Amino acid sequence: MKPITAKELTAEEKLRLICGQGFWRTDDLGGKLPQIFMSDGPVGLRTMKAGEDGKEYTVPATAYPSIQMLANTWSTACAQKMGECLADDCIERGVDLLLAPGVNIKRHPLNGRNFEYFSEDPYLAGEMAKAYIEGVQGRGVGVCLKHFCCNNLEYDRMHQTSDVDERTLREIYYMPFAIACEAKPVSVMCAYNRVNGTYASEYKKGFDYLRGECGFDGAIVSDWDAVRDRAAAARAGLDLEMPFSQKNYDKLCADYREGKLSDEALDACAQRVLDLVYRCKEMGKGAREQTDAAARTRAARELETEGIVLLKNEGALPLEGGLSLAVAGCFAKPDTMDMLRGGGSACVERIDKTFDIPACLEARGMKVAFEGAFHGDGVHSVVQNARTAVALAAGSDAAVVCVGTGAAYEYEGGDRRTMRLPEAQERAICEIAAACPRTVVVVFAGAAVDMSVWADSVQAIVYAGFPGSAGDEAIADILTGLAEPSGKLSETFPYSFDDVPAAQTFRSAGVTRYEEALDVGYRYFDTYGVPVLFPFGHGLHYAAFAYEGLACKVGKEGLELSYTLKNTSARDGKEVSEVYVHECAPLVYRPEKELKAFAKTFVAAGKRAKVEHLLPLRAFAHWSSSKDAWEVTDGVFEVLVGASSADIRLRVRVCIEDGKIALLGK
Ligand code: BGC
């Protein structure tokens, strides 16, 4: 069938087309057009289906680790794999457009949707999202990159305005969208909030930025019910409102009749919706899933294994076979899967219903005694059971305490009230650690947790995030050393909430001032020397790596870097190496360092591996407010290569003059 163009549709058809149909579909104009079906990601497919009783139900699917865990892999290969698996889920369920990924920056650790987002760093978020999109779209399913933009808190999200200066928008909040757009997403979803006073659904300046500077050539879709004035949104370039709203549609028709929406603007939106429909159908032609549910569960397990971060280890891990183990904390064997996921549109009804850390450890040769110690809501301590857990720990070789948050604390539509764990959990950790010196804590949470009360009293801390399907196996592999930890933090774990630069302006009424500007996450902590519990990019191994021989060359495309990673241990492992840029004497404010490249490299025990990066000139640029353009100032820059933002192992200085890079020596 030859694609229909907007010019061939009546005004009424075009008005219908830009308003969607029902909750999850575009309008097929009575069979005249193909129709696309959309469903939520980003951590698993959430397809809704009407049951016999007429109510909507979520169809069970493979759950993948939460997005911050994917980011903790620092592996674009992992992001691509997760995208491919999700595409297969979509193909199986007839989904044409996956409403994912979300690349909003973690401005603050309490944002309720942080588990859906990649990082506090725009480069890491953008690169991981780009690979995820390539994975999904490469298999023939469209994505909807979301939420554009500055939706960085859930409180009053339908109304509050994010008050952000242009440089901060460019360098921090737009940046992950710009990078992700290199993967050519077929659509972008606008946010609920206002940006500098304008509703994100009417944010023409932002839409023009996407279409102009980022080369975005897809359709802009509204977040669900984010449209306040459909004609104004269409004039701004918002193509498709979702879901269908009779009220908005009627008003749109009246506005159109009154000349408040030109035919030109209507045609532009309608054409982009048509393009989206045909593009998705074209991409999906002949698409076949290449994995079955079992393979996808295996992939979820691998992703979790690569994303788990060993935060602290004073010799307690790995657990050797034959140990007597006291496993405590109901997260080890949750009564409800809600404890292992965030809530809202990213809540996946997982196909596998069991999660059993004690059984997984037993299967790996441990002698395990389990005691839940506190309830799943994490609030109430069952004193008797907590005492039993302490007694078991006192009589065991080691204790593993499983604590966390879950959907009761982290969900769309609300923010966490505190970074601390519920008191009952903190008390259980402290009491168990006092009874058993070899205590390991495993944390199940979607964002940074304040561990200051107990971090010093335990020997090891493992961050397991919200694990997906078969995540219990992955965690047991890491705890027992069957797998090598290789994840690193994609967000800083500050000591406490008060240390976060946005703490004072996070939950303000109406206007949220982004006063900290560029100083988000490690950009702030490093610049101002504020100590943190675990820095951005931190993650330990059982293996050990040395960094050697940084060499640089100025090539046609930019600065060519290479160095060697030496695995100095007897275990095979993977090392994430991170490249930051620091401007030595800047003329405008620059944060202490900014991430510009990273790699995850396998190095066999005792062997070496070479890592190479290319830093284009752009990696040294800042957004100039005086020139309204990206600018690379003349000056001296340091390129830092590290194992975390706080653990720089190699450095080299370069000089830039008139846009030309020259080496300066070490
Ligand atoms: C969320 C989106 C989601 C949409 C559809 C909204 O409430 O903000 O992320 O894709 O609902 O479920």
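Remember, predicted model here, so these are calculated numbers, not experimental data. Ligands are counted one by one from 1 in listed order, and the atoms in each one are counted from 1 as well. Computed over heavy atoms, backbone and side chain alike; hydrogens, waters and symmetry mates excluded.
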* From CA spacing to verdict: side-chain contact (heavy atoms from CB on, under 4.5 Å), Val520, Glu171 -> CA-CA 11 Å; Val520 180; Glu171 292 191 23; over 6 Å; no
* Which protein non-hydrogen atom lies closest to atom 3 (C) of ligand 1, naming both residue and atom, and how far is it? ->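 Protein heavy atom at minimum distance: Asp40 OD1, 3.2 Å.
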* **Distance from atom 7 (O) of ligand 1 to nearest protein heavy atom, with residue and atom** =>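 Protein heavy atom at minimum distance: Glu412 OE2, 2.6 Å.
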* Asked: Can Gln68 and Tyr463 be counted as having a side-chain donor-acceptor contact under 3.5 angstrom?
  ->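 Indeed, the side chains of Gln68 and Tyr463 share at least one donor-acceptor pair under 3.5 Å.
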* Asked: Among side-chain atoms of Asn151 and Tyr192, is any donor-acceptor pair under 3.5 angstrom?
  ->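 Not at all, the side chains of Asn151 and Tyr192 share no donor-acceptor pair under 3.5 Å.
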* Nearest heavy atom to atom 4 (C) of ligand 1: which of Val221, Leu99, Asp223, Asp225 does it belong to? ->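 Among Val221, Leu99, Asp223, Asp225, the closest heavy atom to atom 4 (C) of ligand 1 belongs to Asp223.
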* Polar proximity ligand 1 side, Glu116 side, N/O cut 3.5 Å exclusive ->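 In fact, backbone or side chain, Glu116 has no N or O that close.
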* Asked: Quick check: does Arg46 get an N/O under 3.5 Å from an N/O on ligand 1?
  ->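 Yes.
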* Asked: For ligand 1, which atoms sit closer than 4.0 Å to a heavy atom of Lys146?
  ->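 So the answer, numbered in order with elements, is 2 (C), 3 (C), 9 (O), 10 (O).
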* Asked: Which ligand 1 atoms, with their elements, are less than 4.0 angstrom from a heavy-atom of Ser345?
  ->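 Contacts of ligand 1 toward Ser345, numbered from 1: 1 (C), 2 (C), 3 (C), 9 (O), 12 (O).
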Does even one non-hydrogen atom of [X] get within less than 4.0 Å of ligand 1?
{"X": "Met242", "answer": "no"}
{"X": "Trp24", "answer": "yes"}
{"X": "Arg157", "answer": "yes"}

* Matching residue for Tyr209 among Tyr174, Tyr173, Phe216, Tyr203 - test: ring pair (Phe, Tyr, Trp, His ring centres under 6.0 Å) ->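 The option that passes is Tyr174.
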* Drop me the distance from Ser75's OG to Gln80's CD, to the nearest 0.5 angstrom. =>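 So the OG of Ser75 and the CD of Gln80 are separated by 9.5 Å.
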* Taking the side chain as C-beta and beyond, is there a heavy-atom pair between Cys85 and Thr62 under 4.5 Å? ->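 The answer is no, as the side chains (C-beta and beyond) never meet within the 4.5 Å cut-off.
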* **Centroid separation Trp74 to Tyr123 less than 6.0 Å** =>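 No: the rings miss the under 6.0 Å criterion.
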* Describe, in one word, how the ring planes of Tyr249 and Phe244 are oriented to each other, choosing from parallel (under 30°), tilted (30 to 60°) and perpendicular (over 60°). =>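 Tyr249 and Phe244: tilted rings.
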* To do: Record the part of Arg113 in heavy-atom contact with ligand 1 below 4.0 Å; permitted values are side chain, backbone, both and neither.
  =>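 Looking at Arg113 and ligand 1, just side chain atoms fall under 4.0 Å.
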